Every structure is written in C-alpha cells, then in structure tokens.
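See below for the structure under consideration.
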Amino acid sequence: MEEAKLIARAAAGDSAAFALLVRQHQSALRGFLRRLTRNDSALADDIAQETFLEAWRKLPHFRGDGSFAGWLNRIAWSRFLMDARKRKPELLEDLPEQSVETSPDTKLDLERAMAKLSAGERAALTLCYALGHSNEEAAAILNMPLGTVKSHILRGREKLRALLELGT
Amino acid sequence: MTDDLDRLLSQPLPSVADSGFSAAVALRARYEMERHKMLDQLVLLLTGAVVLAALPLTHLTAAIETVTLRLGNSYPVALALAALVLTTAFMRGVIDRVE
C-alpha cells in the first residue's frame, strides 16, 4: 500500500497500518541510531522503539511537507540527544584518535572510524551520504543551521580521511 | 581519494533484521492507545462525579417536586391536556375516515 495512505490510516488510529510503517522503516532508523550510539545496539533499539511510539502519538500532527523517514529521523535525533545527555554523555563527543584500530575489512574500518567522530558529525555524514538526504533536509532533521551541518560534514570527512589513511 | 571516501560513506547502512522489533512496537502502540482510551474514560467519569457532587441536588429535587405537584393540581393545565388529547383523537378519526 502507498505510504501516504498508510500514514493517513495510522494517524486515524489504525495500529495495523502503523505496524506496516514500522516494518518498512525499522531497518534504516535502527541503522542510523546504531551509528549514533557507536554500535550500542541495545541502546539504539531502545531509542528506536521510543521514536516509533512518539511518532505514533504525533502522527495526527504530521503535515507531510517532508518525507516520513526524515520526520522519523528528526524524532530519533532529539530522542538520542536526550538519552545521551542523561545516560551516556560521552556519545556526544569525539573519541581520542590514538584508540583507532585497523582492520583489513574496509567497511569495518569505516564503522570504527565513524565511532571516533562527534555525534553531530556522525549524524550529518550518515544522513547526507548513507541515507541520501540533502544538506538542507539534514539541517531540518538535526535542527541545526545549514552552515553547522556543512561544517560537521567537512570536519567529519577530514577526520575520516585521516583515520582511514585515505589521504587527500 | 575523495571519491573513495564518498563511495565508502554513500554505502547503504547495514540492513538490520526485524527479529520481532516491529511486532513489539505495534504491541506497545496498541497498549498505549488502549491505556489512553481508559484514561480518557476515567477522566470523563471523574469529571461527571465532581459535577454531580457540586450540583445542589436536594434543592433541585425539591424544586422539581414542587413544580410537578403544581402542574398536576392546576385546572388550566388539566384542561389544556384534555383539549390536546381530544383534538389528537378527532384528527386521527378524520384521517382514518378519509383513508
């Protein structure tokens, strides 16, 4: 079924339609949150569940002027910030570079290198590259000025390049 | 090299298996909806109870009783009711004859 119809039905209280929406978006949202939580899958899933429940409560107010995935990511980001401030403030900061481990697996290297970045850098890079959002959309999702998002991307890329020894 | 980094970053996030996650969320959503409905009903009941408790029921009952007794003992009201009943019966009779 078309996503807009599912959203309308879920907003009217149809929990089966909402379950379908969750099934469609869970992988991307949980993947995004795993990046944000430095691969703490239990914490990421906790936040993902709270995100979906908040979305369920707020669905009647979803205006549809952006994508549903973007709206979910926006809720997830604010939930992540609240949780991290309360439970794991270190998730918001950079990790020291000397703790970088190397591996022959490039993908693993990327995840490990990503984990060294600040939360804002991880979020901006993931939204704009892996999830395909524009810089403007990422700014709206992260509730940050466009310039801040761009500098997060720039700084994050520089750090990643150094960490992955890709050079310039 | 920038292309390498772009390519790495643009790779889709690793797929996360559902493993009952969606079902658990849907279950919590349904539970939450039912809890909200129950809370709404409880608030409605409590409001009703408070309103009833605040109403001067004894005064109201006495007033209704007085008015009912007065109406019952009033000749003009009795005559008006009798006229109404007779008119209705007459009209019905006329309608029956015409049909």
Side-chain angles (χ1 to χ4, degrees), chain A residues 10 13-35 39 41 44-45 48-57 59 106-111 113-114 124-132 153 156-168, chain B residues 1-68 71 88:
Chain A
D14 184 343
S15 59
F18 180 67
L20 277 174
L21 282 171
V22 175
R23 204 166 299 149
Q24 281 173 9
H25 290 275
Q26 63 86 20
S27 180
L29 188 81
R30 289 162 80 195
F32 175 49
L33 283 164
R34 280 180 188 194
R35 273 262 172 95
N39 247 348
S41 53
D45 283 1
Q49 204 168 92
E50 293 306 320
T51 299
F52 279 117
L53 287 173
E54 191 177 333
W56 168 245
R57 286 190 291 268
L59 253 181
T106 323
K107 182 105 186 199
L108 199 63
D109 269 350
L110 176 70
E111 292 305 324
M114 268 279 183
L125 286 170
T126 306
L127 287 170
C128 294
Y129 286 91
L131 295 175
I153 291 173
R157 281 176 58 93
E158 278 167 15
K159 284 183 195 171
L160 280 180
R161 201 177 288 128
L163 289 165
L164 297 167
E165 294 177 346
L166 285 170
T168 46
Chain B
M1 291 301 174
T2 302
D3 288 345
D4 281 348
L5 186 57
D6 280 345
R7 188 181 46 76
L8 270 178
L9 284 169
S10 302
Q11 281 176 353
L13 293 172
S15 165
V16 182
D18 190 292
S19 308
F21 176 85
S22 302
V25 172
L27 196 72
R28 273 193 67 186
R30 257 200 305 276
Y31 167 75
E32 194 165 286
M33 190 171 66
E34 277 161 20
R35 203 186 55 175
H36 269 270
K37 271 187 194 164
M38 273 178 61
L39 273 175
D40 286 349
Q41 285 169 350
L42 194 69
V43 167
L44 205 69
L45 269 172
L46 281 174
T47 313
V50 168
V51 169
L52 274 176
L55 280 175
L57 281 179
T58 44
H59 293 296
L60 276 177
T61 320
I64 290 167
E65 197 181 329
T66 312
V67 170
T68 314
L71 285 175
T88 310

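Because the structure is a prediction, the values reported are computed rather than measured. In what follows, chains carry the letters A, B, and so on, assigned in the order in which the sequence lines appear, proteins first and then strands, with residues in each chain numbered from 1.
- If you measure heavy-atom distances from A/Ser41 to chain B, you find no contacts under 4.5 Å at all.
- Expressed to the nearest 0.5 Å, how far CG of B/Asp40 lies from CG of B/Leu45 amounts to 11.5 Å.
- Only the backbone of B/Ala17 comes within less than 4.5 Å of a heavy atom of chain A; no side-chain atom from C-beta onward does.
- For A/Glu54, no part lies under 4.5 angstrom from a heavy atom of chain B.
- A 4.5 Å side-chain heavy-atom check between B/Val16 and A/Leu29 finds every atom pair outside the cut-off.
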Legend entry - side-chain contact (heavy atoms from CB on, under 4.5 Å) assessment of B/Glu32 paired with B/Arg35: CA-CA 5 Å; B/Glu32 194 165 286; B/Arg35 203 186 55 175; 4.3 Å; yes
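- For the pair A/Tyr129/B/Leu8, no side-chain contact is recorded, criterion being any heavy-atom separation below 4.5 Å from C-beta on.
- No other option in A/Gln26, A/His25, A/Arg23 has as many heavy-atom pairs under 4.5 Å with chain B as A/Gln26.
- For A/Leu131, the part sitting under 4.5 Å from any heavy atom of chain B is the side chain, from C-beta outward, and nothing else.
- Classified by interplanar angle (parallel below 30°, tilted 30° to 60°, perpendicular above 60°), the ring pair A/Phe52/A/Phe18 is perpendicular.
- Of the atoms belonging to A/Ala16, not a single heavy atom falls under 4.5 Å from chain B.
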